[in-house]
Amino acid sequence: MTTNSELQIIFERLASGIALRGGNQFRAVSHQRVARLLRDMTKDVGSIVADDPGTAEARLQALPGIGKGAARRIIEYLDTGEITEHTELLEHVPETVFDLLQIPGLGPKAVKTLWQDLGVENATDLRAAIESGKVEDLPRMGKKTVENILKNLDFNTKQHARVPIGKALPLALQIVGRLEAADNVKEAHYAGSLRRGRDTIGDLDFIASTSKPAAVREMFLGMPEVKEIIASGETKCSVRLKQGGATGVDIQADLRMVPPAVLGAAMMYFTGSKEHNVRLREICVKRKWRLNEYGLFEGTEERPQDEGKKPLAAKTERQIYQKLDLPYIPPELREDRGEIQSPSIDLVEIGHIQAELHAHTTASDGKMELEEIVEQALDRGFTTLAITDHSVSSVLANGLDAARLAKHAKAIRRLNEQLDQIDLLAGVEVDILVDGSLDFEDAILAELDWVVASPHVSLQQEPQEATDRLLRAVDNPHVHVLGHPTGRKVGRRAGLAPNLDLIFSRASANGVAMEVNANPTRLDLRAQHVRSALEHGCLIAIDTDAHVPRHFDYLHFGITTARRGWLTKDQCINTWDRERLTAWRSGGRREE
DNA sequence: ATTAGACATAATGACTACGAACGCGTAGT
């Protein structure tokens with residue numbers, strides 16, 4: 001657990017505490033804002049303060065949403081390991097009461113009443129209170145509500161697990177296919193965080209444009225994976241899907257049905273993020289306009305769509321952004337992280353990519369022969385392919401020793417001479433050992449065309465050691481790319497937590513590119529890291545790390561992640577042609 | 001509690017669907 005996430009939990013709890021005790025809601029929101037900031041920060045607050053304790057308070061206050069109070073509390077936590085208000089809060093509100101808020105259907109009002117009026121402090125108490133019939137007698141509680149709570153008590157625990165994008169996307173595409181095939185459906189799309197390209201997905205959101213929603217709804221509710229119907233209305237329904245398989249987590253799916261004429265407005269609303277939506281709607285409020293899922297309207301009256309009022313725009317997202325005097329904002333950017341204020345940026349696209357710079361063959365643990373992997377690259381129109389098999393320490397991956405590597409490199413170069421459409425680079429994915437030394441001597445690396453250096457073991461190392469380890473690797477003059485720098489696995493392994501600011505600034509100075517590994521189980525670097533790497537002037541490589549042919553098709557996951565980190569075409573070395581890559585890799589990378 | 005624009009105080013994150021209860025809480029982006 002990092003300091004940021006510890007503090008995030010505390011600020012969330014302070015916010016909930018205010019809501020539970022009936023305090024000023026603006027104070028609650030304000031604490032939530034701090035929690036969100038801590039969640040999204042790429043820098044460790046501990047290191048911000050440590051950089052110069054004297055000015056720490058002022059520098060914390062410079063962050064939007066952090067004022068005097070929050071800055072003081074953060075410093076107090078770093079000094080003493082606790083925050084007085086939090087300790088006091090826990091004296092009044094038992095910790096288990098906060099957990100009740102996680103139960104679907106229970107919000108702050110309900111938990112407050114249950115706790116204060118009936119003394120319910122945890123799930124067991126709640127069950128007992130329901131059985132005694134006391135809950136039903138509370139205001140706004142009835143038989144149905146109580147039944148719902150009881151049901152949700154059972155699978156509360158697994159309910160909140162997020163699904164990796166690699167699992168969510170195929171399922172979503174399957175459902176989109178069914179919706180498109182349904183009678184009277186004009187268009188069907190997925191939206192939500194999946195469309196924004198987050199690495200994990202909380203629930204699946206679908207939109208179908210149709211003039212006959214009832215039939216579409218019946219199809220959706222009748223899908224074989226549907227385990228439970230949560231809601232079913234005129235325009236919207238929600239189900240819980242049995243996901244099974246490797247994740248074993250149930251996943252909620254929401255379907256919104258809209259008339260074709262307002263599809264764009266509905267897509268914008270349902271794609272979010274919430275924060276992006278709020279920001280746009282604020283702009284509308286200032287103009288005395290109104291934006292909702294039925295369109296962009298002049299005037300401030302509520303539900304203008306009900307009056308048959310004609311929107312300024314509704315059909316496409318582009319038209320709506322245009323009316324708001326904004327460029328089209330791609331879904332990946334819609335997070336309220338400055339995309340509305342800054343002019344449109346030229347994000348990298350999958351069509352720009354012409355190089356795969358990290359791939360494996362049968363020489364180590366890949367399943368493709370050299371000829372086959374080249375064919376894969378040529379099929380995709382690539383002009384450069386780096387062959388980077390594992391080094392000797394990766395025993396399980398059949399890593400190459402110096403002799404096998406030399407032989408392999410020779411074979412690669414021989415084949416390269418017969419190819420004129422593509423540059424085949426003789427490379428390696430060399431292990432970064434625990435102390436940051438590389439698995440091959442410099443003299444061996446110097447002979448190669450391309451060196452990706454990656455950590456594979458000791459991924460639970462302390463942050464300080466991890467920082468030193470990666471810095472040492474980045475300082476090796478033969479390294480071109482730092483591969484999957486943290487070694488995290490989405491939802492399964494946290495990976496290293498080095499001081500990335502230091503790594504990025506060194507990498508930038510040394511001319512070492514940082515990898516976004518496109519494999520959906522990795523997505524490492526993550527999007528926030530990409531943004532921060534770019535601020536330090538780093539170049540980015542988006543690599544599939546292909547071991548089998550279908551891995552080449554993972555490229556879009558890497559592209560999406562990189563776009564979420566605001567990566568432009570020019571900053572992505574995989575978009576460069578042969579000449580530019582050759583010039584870069586064989587000299588002049590370093591700024592002296 | 002924080003921010004903005006003022007030097008104390010006002011304004012602050014929008015809008016809608018569903019369902020059960022009855023005029024609202026919860027959930028969704």
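As the structure is a computational prediction, the values presented were derived from the model and not from experiment. Below, read A as the first sequence line, B as the second, and so on, with proteins coming before strands; counting in each chain starts at 1. Quick note: numbers below take in every heavy atom, side chains included, and nothing from hydrogens, waters or symmetry partners.
- Looking at heavy-atom distances under 4.0 Å, A/Leu280 makes no contact with the nucleic acid at all.
- In this entry the distance linking CE of A/Met141 with C1' of B/dT26 reads 11 Å, nearest Å.
- For the C1' atoms, the distance linking B/dC15 with B/dA6 amounts to 32 Å, nearest Å.
- Non-hydrogen atoms lying under 4.0 Å from DNA chain B are contributed by A/Gly67, A/Lys68, A/Gly69, A/Ala70, A/Arg73, all within residues 67-90 of chain A.
- A search for side-chain contact (heavy atoms from CB on, under 4.5 Å) contacts involving A/Gln528 returns A/Thr42, A/Arg526, not counting sequence neighbours.
- B/dA20 and B/dT26 have their C1' atoms separated by 11 Å, with the value rounded to a whole Å.
- Taking side-chain N and O atoms only, A/Thr235 has a distance below 4.0 Å to OP1 or OP2 of B/dC18.
- Between A/Phe270 atom CZ and B/dA27 atom P there is a gap of 15 Å when expressed in whole angstrom units.
- When heavy atoms are screened at a 4.0 angstrom cut-off, A/Ser193 is found touching no nucleic acid atom at all.
- Within 4.0 Å (heavy atoms only), A/Arg196 reaches sugar-phosphate atoms of the nucleic acid but no base atom.
- A donor-acceptor pair is defined here as one N or O able to donate and one able to accept, closer than 3.5 Å; no such pair exists between the side chain of A/Arg240 and the backbone of A/Val226.
- The distance between atom CD1 of A/Ile251 and atom P of B/dG28, rounded to the nearest whole Å, is 13 Å.
- Look at CG on A/Leu138: it is 15 Å from C1' on B/dA20, rounded to the nearest Å.
- Comparing the P positions of B/dG13 and B/dA17 gives a spacing of 23 Å, expressed to the nearest Å.
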Could you pull out all donor-acceptor pairs under 3.5 Å where a side-chain atom in residues 318-329 of chain A meets a protein atom, sequence neighbours excluded?
unit_1   : atom_1 : unit_2   : atom_2 : d
A/Tyr321 : OH     : A/His276 : NE2    : 2.9
A/Tyr321 : OH     : A/Arg334 : NE     : 3.0
A/Asp325 : OD2    : A/Arg287 : NH2    : 2.9
A/Tyr328 : OH     : A/Glu317 : OE1    : 3.4

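- For the segment residues 52-66 of chain A, the set of residues with a heavy atom within less than 4.0 Å of an atom of DNA chain B comprises A/Leu63, A/Pro64, A/Gly65, A/Ile66, in numerical order.
- Straight-line distance from the NZ atom of A/Lys109 to the C1' atom of B/dA20: 17 Å, rounded to whole Å.
- Between A/Arg13 and the choices A/Glu6, A/Glu95, A/Glu88, the salt bridge (charged side-chain N to carboxylate O under 4.0 Å, His left out) rule is met once, by A/Glu95.
- B/dA1 atom C1' lies 14 Å from atom CG of A/Leu37, rounded to whole Å.
- When the side-chain hydrogen bond (donor to acceptor under 3.5 Å, both in side chains) test is applied to A/Glu218, no partner is found at least two apart in sequence or on another chain.
- Taking A/Glu121 as the reference, nothing meets the side-chain hydrogen bond (donor to acceptor under 3.5 Å, both in side chains) condition, with sequence neighbours excluded.
- Taking the C1' atom of each, B/dC18 and B/dT12 are spaced 28 Å apart, rounded to whole Å.
- Note on residues 66-77 of chain A: pairs passing salt bridge (Lys or Arg N to Asp or Glu O under 4.0 Å), not counting sequence neighbours, are A/Arg72-A/Glu76, A/Arg72-A/Glu85, A/Arg73-A/Glu85.
- Between A/Ile229 atom CD1 and B/dA27 atom P there is a gap of 19 Å when expressed in whole angstrom units.
- With sequence neighbours left out, the side-chain contact (heavy atoms from CB on, under 4.5 Å) criterion links A/Lys309 to A/Phe297, A/Glu301, A/Pro304.
- Along DNA chain B, the nucleotide nearest to A/Thr271 and the one nearest to A/Ala110 differ in position, and the one closer to the 5' end is contacted by A/Ala110.
- Distance A/Glu136 CD to B/dA20 P: 13 Å, rounded to the nearest Å.
- At a threshold of 4.0 angstrom between heavy atoms, the contacts of A/His31 are confined to the sugar-phosphate backbone, with no base atom among them.
- Sequence neighbours left out, the pairs with a member in residues 256-278 of chain A that pass salt bridge (Lys or Arg N to Asp or Glu O under 4.0 Å) are A/Arg36-A/Glu275, A/Arg256-A/Glu293.
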I'd like to compare against my own output: the B/S/- annotation of nucleotides 10-16 of chain B with a strict under-4.0 Å heavy-atom distance to protein.
--BBBBS
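- Salt-bridge check for A/Asp199 with A/Arg488: passed, with a basic side-chain N closer than 4.0 Å to an acidic carboxylate O.
- Qualifying side-chain contact (heavy atoms from CB on, under 4.5 Å) partners for A/Val111, counting only residues two or more places apart in sequence or in other chains: A/Leu20, A/Val97, A/Leu100, A/Leu101, A/Leu106.
- Look at the C1' atom in both B/dT16 and B/dA10: the space between them is 28 Å, to the nearest Å.
- Residues A/Leu204 and A/Gln252 form no side-chain contact, since every pair of their non-hydrogen atoms from C-beta on lies 4.5 Å or further apart.
- With sequence neighbours excluded, the residues that form a side-chain contact (heavy atoms from CB on, under 4.5 Å) with A/Arg279 are A/Glu282, A/Asp336, A/Ile340.
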